Amino acid sequence: MSRLRPAAIGAATVALALGLAACGGDTSATASGDDATITYGIYEPGADSGYLLMGQEKDFFAKHGVKVNVVQLKSAQQAFPALLAQQVDVIQGNPSEALLAMHKGAKLKFVGSTMPGQNYALYAKNEVASLSALSGVTLGVSTPTGLPAVVAKAMMLQSSVDPASVKLVNSGGSSDRYKAVVGGQIQVASAPLDYVAQATKDGVKLLGRAKDVVPDFPRYALITRDDVLQSKGAAVTGLIAGLVEGIRYADAHPDEAKALAAKTLKVAPTDPMIGETYKEFHDGGYLAMNGEIPVKQIKYLADLQAKLGITEAPIPVDPMVDDSYRQKAVAEIGEVPSKYYGDAK
C-alpha cells in the first residue's frame, strides 16, 4: 500500500480548483495504466483495517483478473481531488463529498460499498452531560463539509440542538481530535469508534454513536468516475468482488482480521481497541456482505445537506447510482445474507 505523492495531490487540488477540469464534460478520458489495473484510494486505515484491507492481504483481486494498487489518502480533502484529477480510479469515501462534487459538475458514480454502517461517535469531557447539552461547546472536526462535521450536525439536529450554537474547529485527523478532548483543548470530538476501549481510562465519555442517533447516516461507498467505468468496467467489477470477499473472509476469521488490524496499526493483537472494534463491526451490522450501495441512506444525506444549508436543494442521487458492476461481482462470488443494519430500517 502506497501513499499518493504530495505532487500528485497538489495537481489534483489544482484540477479541482479549476472547476473539476479533469472530469468536466469529457467522459472519453481514460485513467493511466492497463485496463486490468485499478488504483484504489482509501483513507488511512484504523481499527477496521482487518475488514477493509483483507481483500488486499489475501489478494482476492487476482482471482477476479484485476491488479489493484491501493493508495492511502489522508482524508476527503485529498481523496476527492485525487479522484477528480485521475490520480486514482476508485475511492472508498463518504457519499456526502461525492454529492457535493457532483453538484459542481463532476461525473461520478456510486458502484458499491464495503462498510456502509456509520462508525462515528461524539466523545466528550465529563463536564458535557449529554447530546442535548452540546449548545455552546467547542467541537473538533476536520473541514466544515467533511464527514466529522456533517455527522456531528446530524446528531445535533436529532438531539434538538441548533448546530449554529456549537463552535466547530479544525482539530486534525481522527486521533488528533480524540487526543484534543483528552488534553482539554476542545470539549467534544467527532471521531470513529476506535477509541471507545480507552475512553474511560482517559477521562472521556461516549456521548452517542451515530448508528444509534442517526441510523440513516451512511459511512462508505465505492465511488468512481464515468470514464473509469467506460474504460475499466471489468476491473471495477473485479475490485468489488475482491473487496466483498475480503469483508466476508474477515467476518468469518476473527483472529486473522484482528491480527491484520494490529499489524496495520502497529499495536499488539491483544490491544482492547482491536478486539472491541472488531466485535462492534461483527455484531453491529455495519457490513455490506454483498457490496450493497446504501441508496436510501445517500438520499438521506442529500436531504440533510439541504437542511443544513450546504446545498440549496437535495442533490439528485439516482443518476449517480450504477449497480450493474456490483451485480456482476456478486454473480461471480454468490450472494449471502446481508448484515447491514440499514437494510432493516
Side-chain angles (χ1 to χ4, degrees), residues 1-2 40-64 66 68-73 90-94 112-121 174-175 178 191-199 209-211 218-222 238-292 294 326 329-330 332-343:
M1 180 164 57
S2 62
Y40 174 52
I42 63 171
Y43 299 159
E44 290 186 312
D48 53 9
S49 53
Y51 280 103
L52 299 181
L53 298 183
M54 190 61 78
Q56 179 190 20
E57 180 75 5
K58 293 292 183 180
D59 196 14
F60 289 128
F61 307 118
K63 65 188 286 189
H64 299 290
V66 60
V68 177
N69 297 324
V70 180
V71 176
Q72 188 180 129
L73 302 157
V90 180
I91 62 170
Q92 175 182 258
N94 188 262
S113 186
T114 49
M115 193 179 286
Q118 182 52 256
N119 74 326
Y120 260 64
S174 297
S175 62
Y178 175 78
L193 290 167
D194 296 16
Y195 314 106
V196 171
Q198 67 189 71
R209 291 174 169 84
K211 173 191 173 183
R219 184 189 185 194
Y220 281 147
L222 297 175
L239 169 71
I240 296 169
L243 289 172
V244 171
E245 283 205 79
I247 292 285
R248 294 178 183 179
Y249 186 92
D251 201 51
H253 298 82
D255 290 342
E256 289 187 57
K258 292 174 189 177
L260 176 56
K263 180 179 73 171
T264 302
L265 295 180
K266 296 180 173 58
V267 299
T270 55
D271 189 306
M273 172 178 62
I274 300 298
E276 291 198 22
T277 302
Y278 181 88
K279 185 176 187 302
E280 177 75 24
F281 291 139
H282 176 75
D283 296 343
Y286 291 79
L287 309 171
M289 301 297 277
N290 298 294
E292 301 92 337
R326 184 200 67 85
V330 172
E332 290 182 17
I333 61 178
E335 190 166 355
V336 299
S338 173
K339 284 197 173 185
Y340 175 35
Y341 62 74
D343 287 343

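All values reported here derive from a predicted model rather than from experimental measurement.
- Take Tyr286 and apply the ring pair (Phe, Tyr, Trp, His ring centres under 6.0 Å) test, not counting sequence neighbours, and it matches Phe281, Tyr341.
- Remark: Tyr43 pairs with no residue by the ring pair (Phe, Tyr, Trp, His ring centres under 6.0 Å) rule, at least two apart or across chains.
- Taking His282 as the reference, Tyr278 meet the ring pair (Phe, Tyr, Trp, His ring centres under 6.0 Å) condition, with sequence neighbours excluded.
- Asp255 meets the side chain to side chain donor-acceptor pair (under 3.5 Å) test with no other residue; sequence neighbours excluded.
- When side chains are defined from C-beta on, Val330 does not count as touching Val244, because their heavy atoms never get closer than 4.5 Å.
- In terms of the side chain to side chain contact (heavy atoms under 4.5 Å, CB included) criterion, residue partners of Gln198 (sequence neighbours excluded) are, by chain and number, Tyr178, Tyr195, Lys201, Asp202.
- For the side chain to side chain contact (heavy atoms under 4.5 Å, CB included) test, residues two or more places apart in sequence or in another chain that qualify with Asp271 are Val267, Met273, Ile274.
- Annotation: side chain of Met289 is not in contact with side chain of Pro337 (no heavy-atom distance under 4.5 Å).
- To the nearest 0.5 Å, the span separating CZ on Arg326 from CG on Asn290 amounts to 6.5 Å.
- Among residues two or more places apart in sequence or in another chain, the ring pair (Phe, Tyr, Trp, His ring centres under 6.0 Å) test is passed with Phe60 by Tyr249.
- Annotation: salt bridge (Lys or Arg N to Asp or Glu O under 4.0 Å) contacts of Lys258 (sequence neighbours excluded): none.
- The two residues Arg219 and Asp48 have their closest heavy-atom pair at NH2-OD2, 2.5 Å.
- The shortest heavy-atom contact between Ala257 and Ala250 is CB-O, 3.7 Å.
- Side-chain atoms of Tyr51 and Asp251 form a donor-acceptor pair, as typed in the model, at a separation below 3.5 Å.
- Ion pairing of Lys263 with Glu57 is present here, as a side-chain N (NZ or NE/NH1/NH2) and a carboxylate O approach within less than 4.0 Å.
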Stepwise, does the side chain to side chain contact (heavy atoms under 4.5 Å, CB included) test hold for Leu193 with Arg209? CA-CA 8 Å; Leu193 290 167; Arg209 291 174 169 84; 3.7 Å; yes
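- For the atom pair Tyr220 OH and Leu287 CG, the distance stands at 13.0 Å (nearest 0.5 Å).
- By the side chain to side chain donor-acceptor pair (under 3.5 Å) test, Asn94 pairs with no residue at all, sequence neighbours left out.
- Closest approach of Ala261 to Gly50, counting heavy atoms only: CB-N, 3.8 Å.
- With hydrogens and angles ignored, the 3.5 Å screen pairs no side-chain donor or acceptor of Gln72 with any backbone N or O of Glu44.
- The shortest distance between side-chain heavy atoms of Leu243 and Leu222 falls below 4.5 Å.
- With sequence neighbours left out, Ser49 forms a side chain to side chain donor-acceptor pair (under 3.5 Å) with no residue at all.
- Applying the salt bridge (Lys or Arg N to Asp or Glu O under 4.0 Å) rule to Glu292 yields no partners; only residues at least two apart in sequence or on another chain are considered.
- For the atom pair OG1 (Thr114) and CD (Gln92), the distance works out to 3.5 Å, reported to the nearest 0.5 Å.
- Scanning both residues, Tyr120 and Ser174, for their nearest heavy atoms gives OH-OG, 3.6 Å.
- The two residues Gly242 and His64 make their nearest non-hydrogen contact at N-CD2, 3.9 Å.
- In this structure the side chain of Ile42 never reaches within 4.5 angstrom of the side chain of Leu52, judged on heavy atoms.
- Among pairs with a residue in residues 256-276, none fulfils ring pair (Phe, Tyr, Trp, His ring centres under 6.0 Å), at least two apart in sequence or across chains.
- Side chain to side chain, Asp194 and Thr277 fail the donor-acceptor criterion of an N or O pair below 3.5 Å.
- From Ile240, atom CD1 reaches atom CD of Glu332 across 10.0 Å, with rounding to the nearest 0.5 Å.
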Audit row: Lys58, Glu256, salt bridge (Lys or Arg N to Asp or Glu O under 4.0 Å) steps and yes/no: CA-CA 11 Å; Lys58 293 292 183 180; Glu256 289 187 57; 2.9 Å; yes
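- For the residue pair Phe61 and Leu239, the shortest heavy atom distance occurs at CE2-O, 3.6 Å.
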